[in-house]
*Asks:* 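Here you go, one structure.
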Amino acid sequence: MPAPRVRFAPAPTGYLHVGSARSALFNWLYARSTGGTFVLRIEDTNAELAKPEFYAAITDPLEWLGIDWDEGPYYQSERTQLYLDAIDRLLASGQAYHCDCSREAIDERNRAAKRSGYDGFCRDRGIDAGADTVVRFRTPDDGQTLVADLVRGDVLFENAELEDFVIRRSNGSPVFLVANAVDDADMGITHAVRGEDLLNTTPKVLLLWRALELGPEPTYAHLPLLVGADRKKLSKRKDSVALSDFRDEGFLPEAMVNYLALLGWSTGDDQEILSVDELIARFDLADVNKAPAFFDMTKLEHINGLYLRALTPSEFAARAMPYVTAADVPWAAADFDPARFEAFVPLIQEKVSKLSEVPGAVDFLFVADPPFDDASWEKVMVKGPQPAELLDGAAEVLADCEWSTDAVKDAVFAMGEGLGVNKSKTQAPVRVALTGRTVGPPLFDAIANHFTREETLRRIARARAAL
RNA sequence: GCCCCGUUCGUCUAGUGGCCUAGGACGCCACCCUCUCAAGGUGGUAACACGGGUUCAAAUCCCGUACGGGGUACCA
């Protein structure tokens, strides 16, 4: 059996949809696991989609995910003549015909006849091409077309249910069905792996394929759709669907790939965290599910957190760098200190599930007077026990204790104990004074290793004054 | 409406006639750990859509119903 040749054939829409990314991934995994070839083909048969600025919106996210292609990208807009020639052949053999029916006329006849679709009105009128004519494919009136699907098994379509669909628009451009058949044949595609939303178009492509005598047909595999909270196909309006948004939010590409692979596919055992190499080794189209899968952001974040924590601190710092040097960061760019940030990373690495959370976790390092969070202040400085005594006590013991994590910790806790306050309540005012919040990194490690005695005392005094 | 696909815990899934008193993961709850929050550990909650068959035996096979989704363009 020859090595498989698969393709990812997106229509350029200005961004890469996560569902499309999943299709691309499954194709790519199949190619990589079988020693096959992965072809990238841009389906821009519609002139509105044939815009160069849309192409990078597809290739950039693919590259980010680590999905590389062996051939292409091929652009259907550059191969139009091939499709037009195919249509001419169908015309010449009588398998296609010109039609000048307007949408209104078709609808009117359908209303009268209580049916739908195109009624074949122009089938035998023998009209010539004109300004407003389209070319329609003459579908068989009887018989069935079988789609042998690797995921769904045999799917049978009654040819009589298929209307004589348009294959060339009145503006002269071919529709994707023709391009699809011609290109899959021309590029030697052996497996067409795509979303289930295309299942209904498959018999049309197959009919064209046979009418054009294009040779051996590809095997199909229709993947279950990705759905949103409403169980409907993920849509740009309601859901977060652009892959670039996930990158901007701070999801790691390897986590994204891992999660995407788990949507509609599983290993068969209990392993869920898989490297790309493991995915390649274990992936099989035969193990793909049939039912739609909900895109669960919570689980994605969990998996991303696992990958984030598995990074070495310096890797983490490097990958977080774009987020702490972005324009909307809560400190003045000049106050940012990369070395200080990197040193601090181990204290916050296990607390974030997305890189976009990093700036908010280290802001007090680069803001001299971090704002006091209202809820935190209320909880600790208003309703908490003896805030003034605790701050004064902390200032006193920190003024001359040894500057190490344990020494600082012991000194502060001993001071709190003397006031009859437990550890949790003792550290709270100091934490708020230093960071502005009740939630944050291990406090005494942060103080002893990342702040000077002077700065620590200054912040405590600042909070004390604000009481 | 018509055509096509689907249906195991809230979610992603394991399960291919007996191993299922249905397993794992996320979430959630409790406890442990603990200077906060996380992380981690332990335990718990929770599902075979329904009805008929077939069979000694059905989550697994067949039929029907219900529900959900996709398609039904001169988008792809």
*Asks:* Paired with C56(B): which nucleotide, if any, by Watson-Crick or G-U wobble criteria at under 3.5 Å for both distances?
*Replies:* G18(B)
*Asks:* Name the pairing partner of C28(B), where a pair is Watson-Crick or G-U wobble with both distances under 3.5 Å, or state none.
*Replies:* G44(B)
*Asks:* Please evaluate the base of C37(B) for a donor-acceptor partner in the side chain of Lys351(A) within a cut-off of under 3.5 Å?
*Replies:* yes
*Asks:* On RNA chain B, does the nearest nucleotide to Gln271(A) precede the nearest nucleotide to Ser170(A) from the 5' side, or the other way round? Give the residue.
*Replies:* Gln271(A)
*Asks:* At 4.0 Å (heavy atoms only), tell me whether Arg103(A) reaches a base, stays on the sugar-phosphate, or touches nothing.
*Replies:* sugar-phosphate
*Asks:* Counting the atoms with a prime plus P, OP1 and OP2 as sugar-phosphate, which does Lys425(A) contact under 4.0 Å by heavy atoms, base, sugar-phosphate, or nothing?
*Replies:* nothing
*Asks:* When rounded to the nearest Å, what value does the distance between P atoms of G15(B) and C29(B) take?
*Replies:* 31 Å
*Asks:* Can you name the salt bridge (Lys or Arg N to Asp or Glu O under 4.0 Å) partners of Arg453(A), sequence neighbours left out?
*Replies:* none
*Asks:* Would you measure the distance from the C1' atom in C33(B) across to the matching atom in C19(B) and give it in whole Å?
*Replies:* 38 Å
*Asks:* Does Asp363(A) pair with Arg437(A) as a salt bridge, N-O distance under 4.0 Å?
*Replies:* yes
*Asks:* Students often get this wrong, so: under 4.0 angstrom with heavy atoms, is Lys232(A) touching a base, only sugar-phosphate, or nothing?
*Replies:* sugar-phosphate
*Asks:* Is Thr438(A) touching bases, backbone alone, or none of the nucleic acid, heavy atoms closer than 4.0 Å?
*Replies:* base
*Asks:* Pro442(A) near the nucleic acid: base, sugar-phosphate alone, or nothing, with a heavy-atom cut-off under 4.0 Å?
*Replies:* base
*Asks:* Checking Ser353(A) now: which residues fulfil side-chain hydrogen bond (donor to acceptor under 3.5 Å, both in side chains) with it, not counting sequence neighbours?
*Replies:* Glu357(A)
*Asks:* State whether Lys233(A) places a side-chain N or O below 4.0 Å from either non-bridging phosphate oxygen (OP1 or OP2) of G71(B).
*Replies:* yes
*Asks:* Among all residues two or more places apart in sequence or in another chain, which pass the ring-ring contact (aromatic ring centres under 6.0 Å, His included) test with His302(A)?
*Replies:* none
*Asks:* Between C48(B) and C67(B), how many Å separate the two C1' atoms, rounded to a whole number?
*Replies:* 16 Å
*Asks:* Counting the atoms with a prime plus P, OP1 and OP2 as sugar-phosphate, which does Leu443(A) contact under 4.0 Å by heavy atoms, base, sugar-phosphate, or nothing?
*Replies:* base
*Asks:* What string of B, S and - do you get for nucleotides 1-13 of chain B, 5' to 3', when a contact is any protein heavy atom under 4.0 Å?
*Replies:* BSSSSSS---SBS
*Asks:* Under a 3.5 Å cut-off for both distances, is C35(B) Watson-Crick or wobble paired, and to whom?
*Replies:* none
*Asks:* Using the ring-ring contact (aromatic ring centres under 6.0 Å, His included) rule, collect all pairs that involve residues 420-443 of chain A, keeping only residues at least two apart or in two chains.
*Replies:* none
*Asks:* Work out how far the P atom of A46(B) is from that of G10(B), and round it to whole angstrom.
*Replies:* 10 Å
*Asks:* Indicate the ring-plane relationship of Phe364(A) and Phe451(A), choosing parallel, tilted or perpendicular according to the 30° and 60° boundaries.
*Replies:* parallel
*Asks:* Name the pairing partner of G64(B), where a pair is Watson-Crick or G-U wobble with both distances under 3.5 Å, or state none.
*Replies:* C50(B)
*Asks:* Taking the C1' atom in each of C5(B) and A57(B), what is the distance between them to the nearest angstrom?
*Replies:* 31 Å
*Asks:* So Val134(A), base contact, sugar-phosphate only, or nothing? Heavy-atom distance under 4.0 Å.
*Replies:* base
*Asks:* Tell whether Arg431(A) reaches the base of C35(B) with its side chain through a donor-acceptor pair below 3.5 angstrom.
*Replies:* yes
*Asks:* Any idea which heavy atoms bring Val257(A) and Leu25(A) closest together, and the distance?
*Replies:* O-CD2, 3.6 Å
*Asks:* Who is the Watson-Crick or G-U wobble partner of A76(B), with both distances under 3.5 Å?
*Replies:* none
*Asks:* Distance check, C1' atoms only: G41(B) and A22(B), in whole angstrom units.
*Replies:* 26 Å
*Asks:* Using the C1' atom in both, what is the distance from A25(B) to A14(B), to the nearest Å?
*Replies:* 11 Å
*Asks:* Listed by chain and number, what are the side-chain contact (heavy atoms from CB on, under 4.5 Å) partners of Glu78(A), not counting sequence neighbours?
*Replies:* Tyr75(A)
*Asks:* Work out which heavy atom in Pro203(A) is nearest to a heavy atom in Leu199(A); give both atom names and the distance.
*Replies:* CD-O, 3.5 Å
*Asks:* Answer yes or no: does a side-chain N or O of Thr45(A) lie under 4.0 Å from OP1 or OP2 of A76(B)?
*Replies:* yes
*Asks:* For the side chain of Arg309(A), starting at C-beta, report the closest nucleotide among G40(B), C74(B), C35(B).
*Replies:* G40(B)
*Asks:* Provide the distance between the two P atoms, one in C62(B) and one in A47(B), to the nearest whole Å.
*Replies:* 26 Å
*Asks:* How is Gly268(A) classified with respect to the nucleic acid when contacts are heavy atoms under 4.0 Å: base, sugar-phosphate, or nothing?
*Replies:* sugar-phosphate
*Asks:* Please compare Asp270(A) and Gln76(A) by the position of their nearest nucleotide in RNA chain B and report the one closer to 5'.
*Replies:* Asp270(A)
